[in-house]
Amino acid sequence: MSQSSRPVYLKLRDMIAAAIIEGRYGEGDMLPSVRAFAAEQGANPLTVAKAYQQFQIDGLVEVQRGVGMRVVPGAADKLRRVERARFIDREWPEIHARIRRLGIDPAELLGLTEH
């Protein structure tokens, strides 16, 4: 599925996942409120709530009633493992095939040679 055809809630989920992996939201940090994140992204709050709900289902955040969602310890490591597996299993085969199809030398991709 191309990035443009992915549902909005999955795109929002990926944005938050990247922020957790990169440490912008560390262990114990609160995620932005649903309303604040929706306003920031120009999204419907129900769509953001759906994205956040998946983090709760996956055990990556804990809900503190009346306060918000807090990133649980180990969330970044767990997300990194999941995202890495997804990349290797789903995205890399397509990228690898395109590299071969275009005749690109892997050394060129790594900046070791000039194109």
Query raised in the report: Would you say the side chain of M69 lies within less than 4.5 Å of the side chain of E62, judging by non-hydrogen atoms?
Result: no
Query raised in the report: Taking the side chain as C-beta and beyond, is there a heavy-atom pair between L60 and V71 under 4.5 Å?
Result: no
Query - Pairwise side-chain contact, P32 with Y52, heavy-atom cut-off 4.5 Å (strictly under) - result: yes
Report task. Kindly write out the residues that satisfy side-chain hydrogen bond (donor to acceptor under 3.5 Å, both in side chains) with D58, not counting sequence neighbours, or none if the list is empty. Result -> Q54
Query raised in the report: If you look only at pairs with a residue in residues 54-105, which of them pass as a ring pair (Phe, Tyr, Trp, His ring centres under 6.0 Å), with sequence neighbours excluded?
Result: W92-H96
**Report entry** side-chain hydrogen bond (donor to acceptor under 3.5 Å, both in side chains) involving E83 - partner list, sequence neighbours excluded
**Finding:** R13, R86
Side-chain donor-acceptor pairs of residues 17-31 under 3.5 Å, sequence neighbours excluded:
unit_1, atom_1, unit_2, atom_2, d
E22, OE1, R24, NE, 3.1
E22, OE1, R24, NH2, 2.6
E27, OE2, G74, N, 2.8
D29, OD2, G26, N, 2.7

Query raised in the report: Do the side chains of V48 and V63 join up, straight or via other hydrophobic residues, at under 4.5 Å, putting them in one cluster?
Result: yes
**Report entry** Pairs satisfying side-chain hydrogen bond (donor to acceptor under 3.5 Å, both in side chains), at least one member in residues 73-82, at least two apart
**Finding:** D77-R80
**Report entry** Joint hydrophobic cluster, I99 plus I88, side-chain heavy atoms closer than 4.5 Å
**Finding:** yes
Report summary line: The reported gap from CD1 in I95 to CG in L109 (rounded to nearest 0.5 angstrom) is 10.0 Å
Requested in this report: Might you work through the side chain to side chain contact (heavy atoms under 4.5 Å, CB included) test for R70 and V61, ending with a clear yes or no?
Outcome: CA-CA 5 Å; R70 184 178 306 276; V61 297; over 6 Å; no
I'd like a table of donor-acceptor pairs (distance under 3.5 Å, sequence neighbours excluded) in which one partner is a side-chain atom from residues 35-45, with atom names and distances.
unit_1, atom_1, unit_2, atom_2, d
N44, OD1, L46, N, 2.7

Query raised in the report: Same hydrophobic cluster for Y9 and L79, using side-chain heavy-atom links shorter than 4.5 Å among ILVMFWY?
Result: no
Query raised in the report: Should we count CD of Q64 as having more than 12 external heavy atoms under 6.0 Å?
Result: yes
